[in-house]
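As structure tokens, the structure follows; a few thoughts come after it.
All values below come from the heavy atoms of this structure, side chains included, with hydrogens, waters and symmetry mates left out. Just so we're on the same page: letters track the sequence lines, and every chain starts at 1.
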Amino acid sequence: MKIIISAAAESIDAEVDQRFGRSANLILVDTESLDWESFRNPGMAASGGAGVKAAQFVAGLDPDAVISGDFGPNAYEALLAADISMYIFNERVNTIRSVVKEFKKGDLIAVSSPTSAGKHGS
Amino acid sequence: MIIAVASGKGGTGKTTVATSLARSLDVQGASLLFLDADVEAPNSHLFLKPEIEHTRDVGVRIPEVNQEICSLCGKCAEVCQYHAIAVLGKKVLVFPQLCHSCGSCTLMCPEGAISEKQNVIGVLEHGPAQDGFRYFRGVMNVGEPMALPIVRLLKQWAGESDESQVVVIDAPPGTSCPMVEAVCGADFLLLVTEPTPFGLHDLKLALQIAAKFTIPVGVIINRDGLGYQGVDEFCAEAGLSIIIRIPFDRSIAEGTARGRTLLDIYPSYKTAFQNLFKEISNYGVGSRWPRP
């Protein structure tokens, strides 16, 4: 399975970033081989619509799931349209590696609605 | 003569000053216009008690995609600087609250699949204030994030002012786009601040906006006497006039909480604001900012 996790740095041993749209990096991990690849999150520096921009980028990588600390309403709607499952971190995760472990154990909670209100403003 | 009252920091007393100024002016009802441009939380009506006679919706244009014609090419999403339109899976999604109504997606769509529809984000209101002058305000709908189009249309609706008219604009707090839109074109910028580090910090930000427009500015210190000297020191050093000091006074707090303007609480403010206006009209007060 291919999953994408929001990360604070460019490594599978990096700490997680709680934000989805504005995380520094997005790390694509193969849950079986643990092969990984890091991408700069194009949403990070967006002046607005970060969640949508990140979601579009993620959709282009065609993962089975995306895992982060928080999905706002726009990111949620965009990822839902792209048919990508969303999961949120639990309190046991700190690095990307530990997220993969928790995900494989089935210990992460799937998201079925936005996990926060919008952060956009004028 | 357009006088904008702004602050940088919210809650410093913009509306207290703007409404007191308007009520102090002895100009003919038709020649005075009051614009409440703080569209996220307009509350000048509590002091000016207008009778609203006219209203109109504020609509912005947002794209509507005909999914049957759309080829999912993604040009609309590519050209959108605000990520208000996205192609995901087999669908084009529109996020109305991110849209700035620029029309680029409509223009760039090679299939002609995008048309535009009105999205109502607020309302404008107009009618005579209790004192007889013309009162306008904009009100943004709850949940909408973009105040600027409402401020812009509010100013358009109030119309071009001629020299004989006096326009008092109660600007939104902050120094982001809606505040810039509200003060743009003003002849004088009254900056209300308070003697706190936060008040000083945001006063400096508001001055940066004034500098962009080279509007003459004057400073009003509200809640004067809190003990912090930073604002006074900064103004003295920068050569900024402090035009009126409103003391930190329980009677003023109680009065404004009951919808009374400063001149209802202390009648001497009427003269103070009239003098302020006279001096602004003669440019005898206020400072060109930045200083030449």
Side-chain angles (χ1 to χ4, degrees), chain A residues 2-4 6 19-24 26 28 39-66 68 70-86 111-122, chain B residues 37-40 58 60 62 65 67 70 72-102 104-105 121-122 138 140-152 172-182:
Chain A
K2 274 171 31 174
I3 60 175
I4 284 182
S6 59
R19 302 161 303 173
F20 170 66
R22 296 212 181 266
S23 67
L26 294 164
L28 180 67
F39 300 89
R40 302 285 294 167
N41 182 354
M44 187 181 74
S47 59
V52 178
K53 187 160 190 171
Q56 272 189 289
F57 178 75
V58 163
L61 298 171
D62 197 25
D64 299 294
V66 55
S68 186
D70 174 30
F71 297 95
N74 292 339
Y76 175 80
E77 200 187 321
L79 290 166
L80 192 68
D83 205 18
I84 299 168
S85 312
M86 288 162 266
V111 170
S112 55
S113 65
T115 53
S116 71
K119 296 159 203 73
H120 49 273
S122 39
Chain B
D38 185 2
V39 303
E40 289 181 57
V58 179
V60 291
I62 61 163
V65 182
Q67 307 273 357
C70 172
L72 299 170
C73 73
K75 287 213 167 61
C76 52
E78 231 169 82
V79 77
C80 181
Q81 297 300 297
Y82 301 98
H83 316 295
I85 189 162
V87 181
L88 286 148
K90 297 245 177 301
K91 264 195 275 183
V92 181
L93 298 183
V94 175
F95 299 91
Q97 296 188 331
L98 298 177
C99 178
H100 285 54
S101 308
C102 72
S104 300
C105 55
I121 61 169
M140 184 157 78
N141 290 348
V142 171
E144 288 296 336
M146 221 179 302
L148 189 143
I150 304 172
V151 177
R152 181 176 291 160
T175 45
S176 65
C177 302
M179 178 269 193
V180 174
E181 180 68 26

Is B:E144 in contact with chain A via its backbone, its side chain, both, or neither, using a 4.5 Å heavy-atom distance? neither

Smallest separation among heavy atoms of B:H83 and A:A46, with atom names: NE2-CB, 3.9 Å

What distance separates A:L80 CG from B:L88 CG, expressed to the nearest 0.5 Å? 10.0 Å

How about A:D64: does its CG atom have over 12 heavy atoms from other parts shown lying under 6.0 Å from it? yes

At what distance, to the nearest 0.5 angstrom, does CG of A:N74 lie from CG of B:L93? 9.5 Å

Between A:S47, A:A82, A:G60, A:A55, the one whose heavy-atom pairs under 4.5 Å with chain B are most numerous: A:A82

Measure distances from B:A84 to the heavy atoms of chain A and classify the residue's part below 4.5 Å as side chain, backbone, both or neither. neither

Do other residues, nucleotides or ligands put more than 12 heavy atoms under 6.0 Å from the NZ atom of A:K2? yes

Tightest non-hydrogen contact, residues B:I85 and A:Q56, listed as O-OE1, 4.4 Å

